Amino acid sequence: MLRYFYIFSAATGICQGMDHITTSPMQNETETELDSGSGWWPSWRPTSMSLLKSTEAKILSCIQNDLWARFVNLSNQDRIWTLTLNNKTIRKPAEQAPKTPLVMVHGFGGGVGLWVRNLDALSRSRTLHAFDLLGFGRSSRPSFATDAALAEEQFVNSIEQWREAVGLENMILLGHSLGGYLATSYAIQHPSRVKHLILVDPWGFPEQPQPGRDPQEGTEVEKRPPIPRWVKAVVSVVSLFNPLAVIRAAGPLGPGLVNRFRPDFKRKFEDLFDDDTMTEYIYHCNAQTPSGEVGFRALSAGLGWAKRPMLARVNQLPPSMPVTMLYGARSWVDSSSGDQVAQIRGPEHTKVVLVQHASHHVYADQPEEFNNLVQNVCNSVD
């Protein structure tokens, strides 16, 4: 059941805020349910779901294609914030079967707004869906299990319930970072629903090396960039608190903290926004009540490692399921995991691509090349 939606019509090519947004009459009622900005918290922690909503709307005003944004209700009453895009300027013959939709799943601490450089390009010839993972962004923030297998199952079940509620028979499934890990788990459990799996700098694939053992010993690997200090900062609190507790504990200093540790986000989108829109979006996504990060903590076994590494399970993917893995050449995520996936599954249905001059956020660092690569994959499906 879909209760709440925006319709975004074509804009002028310049991000101009909310002038072209039409809202449903149920908007105020729904937002009040979700808004966490009450009591004394806003004065200490300058965030609320309403501020996240308005910041996201500014980002989405850049989109040119027709955009439908709404909450999708799951059978367990959780809600998933969802974007659906179509290019209405392309006329398709009535007898032509619709193309397989592309579904995009963001990474840890992200949200649908981070795809702003990709949504138009990838929805020109097929329907595109992007959603905030359960526990992140504007989606519901339920309690998560502390057991890794149960937390993973909770994420994956929410994706399957979302698919059923939206009415998709199958999809091209793309996941970035944590989204790549969960997309792989989903494809293992629901293989008939995935026509092609696209993993972008996926988190949680390699096994954690044993103490005192060099994980690259005996192999010839390209030297990877050092792990960014923002990652180290997050990891420094993971073992004691939820990963993003420091942002909330910083109170009114939280937005400045995000700017300090993630100045790259402002640079990646500086031609779209000449202010702190993107870092504010990151802040508001992650300063809310912790939920998805609790699930992520349950999955994690330290810096960059998963308690249940995916390399040990990729053999459970159907051998004929096409898998494309895109890595940033400058990312802290080691692309050798992709090579190992190709060795396990065989090269016929597994392709590994290294995107030059891109870091972990491949889609934002090299958006044109990323969009072309993903578009080519989609065209290979139908």
Side-chain angles (χ1 to χ4, degrees), residues 62-69 82-93 95-107 110 112 114-131 133 159-160 162-163 166-177 179-184 186-188 190-202 317-328 338 341-342 345 347-355 358 361-382:
C62 298
I63 302 303
Q64 300 294 296
N65 286 346
D66 288 348
L67 169 58
W68 181 25
T82 303
L83 309 183
T84 299
L85 291 92
N86 290 284
N87 185 359
K88 296 299 186 183
T89 63
I90 295 181
R91 301 296 177 188
K92 303 180 181 67
E95 67 278 5
Q96 180 178 327
K99 292 188 175 183
T100 305
L102 172 65
V103 174
M104 304 180 75
V105 186
H106 65 79
V112 293
L114 296 183
W115 300 117
V116 65
R117 289 192 174 281
N118 320 110
L119 296 175
D120 274 331
L122 297 178
S123 61
R124 283 179 186 147
S125 61
R126 71 185 63 239
T127 299
L128 182 155
H129 302 279
F131 60 84
L133 277 167
I159 297 174
E160 174 59 6
W162 172 88
R163 182 202 63 78
V166 173
L168 302 183
E169 184 64 27
N170 45 48
M171 61 188 129
I172 300 165
L173 184 58
L174 180 153
H176 170 252
S177 195
Y181 180 89
L182 297 175
T184 307
Y186 178 89
I188 290 171
H190 304 280
S192 65
R193 304 301 182 185
V194 180
K195 283 196 171 183
H196 199 121
L197 181 62
I198 307 175
L199 306 176
V200 185
D201 238 46
L317 290 169
S320 61
M321 179 185 290
V323 177
T324 299
M325 306 184 74
L326 309 179
Y327 287 90
V341 173
R345 303 187 72 242
E348 184 179 357
H349 295 292
T350 308
K351 183 178 181 181
V352 181
V353 180
L354 205 60
V355 180
H361 295 271
V362 186
Y363 57 89
D365 290 324
Q366 297 295 326
E368 186 173 350
E369 183 174 358
F370 173 85
N371 293 340
N372 288 336
L373 288 167
V374 174
Q375 188 63 59
N376 289 338
V377 169
C378 291
N379 290 341
S380 73
V381 174
D382 52 27

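Just so it is clear, the structure is predicted and the values come from calculations on it, not from any experiment.
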By side chain to side chain contact (heavy atoms under 4.5 Å, CB included), Asn118 pairs with (sequence neighbours left out) Met104, Trp115, Leu122, Tyr363, Pro367, Phe370, Asn371
Applying side-chain hydrogen bond (donor to acceptor under 3.5 Å, both in side chains) to Thr84 and not counting sequence neighbours gives Arg70, His129
Between Asn87 and Ser123, does any side-chain donor sit less than 3.5 Å from a side-chain acceptor? no
Val112 and Phe131 have their tightest heavy-atom pair at CG1-C, 3.5 Å
Heavy atoms of Ala342 and Thr350 approach each other most closely as CA-CG2, 3.8 Å
Is there a donor-acceptor pair under 3.5 Å between the side chain of Asp201 and the backbone N or O of Gly328? yes
inquiry  = Taking the side chain as everything from C-beta on, heavy atoms only, tell me whether Val377 gets closer than 4.5 Å to Leu174.
reply    = no
Contacts of His349 meeting ring pair (Phe, Tyr, Trp, His ring centres under 6.0 Å) (sequence neighbours excluded), chain-then-number -> none
Pro322 meets the side chain to side chain contact (heavy atoms under 4.5 Å, CB included) criterion, sequence neighbours left out, with His196
| message | Taking Asp66's backbone N and O only, do any of them form a donor-acceptor pair with Asn86's side chain (distance below 3.5 Å, no angle check)? | response | no
Sorted by chain and residue number, the side chain to side chain contact (heavy atoms under 4.5 Å, CB included) partners of Gln366 (sequence neighbours excluded) come out as Val355, His357, Ala358, Glu369
Those residues at least two apart in sequence (or on a different chain) that pass salt bridge (Lys or Arg N to Asp or Glu O under 4.0 Å) with Glu348 are none
Smallest heavy-atom separation, Gly180 atom then Leu199 atom, equals O-CD2, 3.4 Å
Output for pair (Ile159 CD1, Leu182 CG), nearest 0.5 Å, gives 5.5 Å
Quick one, Pro202 and Thr184 - any side-chain contact, counting heavy atoms below 4.5 Å?
no
Quick check: do Leu119 and Asn65 have side-chain heavy atoms less than 4.5 Å from each other? no
The side chain to side chain contact (heavy atoms under 4.5 Å, CB included) partner of Val381 among Ile172, Leu102, Asn170 is Ile172
TODO: Could you tell me whether the side chains of Asn379 and Gln375 share a donor-acceptor contact shorter than 3.5 Å?
DONE: yes
Between Tyr327 and Gly338, is there a donor-acceptor pair closer than 3.5 Å when you use the side chain of the first and the backbone of the second? yes
One should read off an interatomic distance between Asp120 CG and Leu85 CG, to the nearest 0.5 angstrom, of 7.0 Å
Sorted by chain and number, sequence neighbours left out, side-chain hydrogen bond (donor to acceptor under 3.5 Å, both in side chains) with Thr100 holds for Lys195, Asp382
Residue set satisfying salt bridge (Lys or Arg N to Asp or Glu O under 4.0 Å) with Asp365, at least two apart, ordered chain then number -> Lys268
With sequence neighbours left out, the residues meeting salt bridge (Lys or Arg N to Asp or Glu O under 4.0 Å) with Arg163 are Glu160
All heavy atoms of Leu317 vs all of Ala187, minimum pair found to be CD2-CB, 3.7 Å
The side-chain hydrogen bond (donor to acceptor under 3.5 Å, both in side chains) partners of Glu169 (sequence neighbours excluded) come to Arg193
CD1 of Ile198 to CG of Leu326, rounded to nearest 0.5 Å, is 7.0 Å
For Ser177, the side chain to side chain contact (heavy atoms under 4.5 Å, CB included) test, sequence neighbours excluded, returns Trp203, His360
dist His361:NE2 -> His106:NE2 (nearest 0.5 Å) comes out at 12.0 Å
Find out whether Val341 and Arg345 are in side-chain contact, i.e. whether some heavy atom of one side chain is under 4.5 Å from a heavy atom of the other. yes
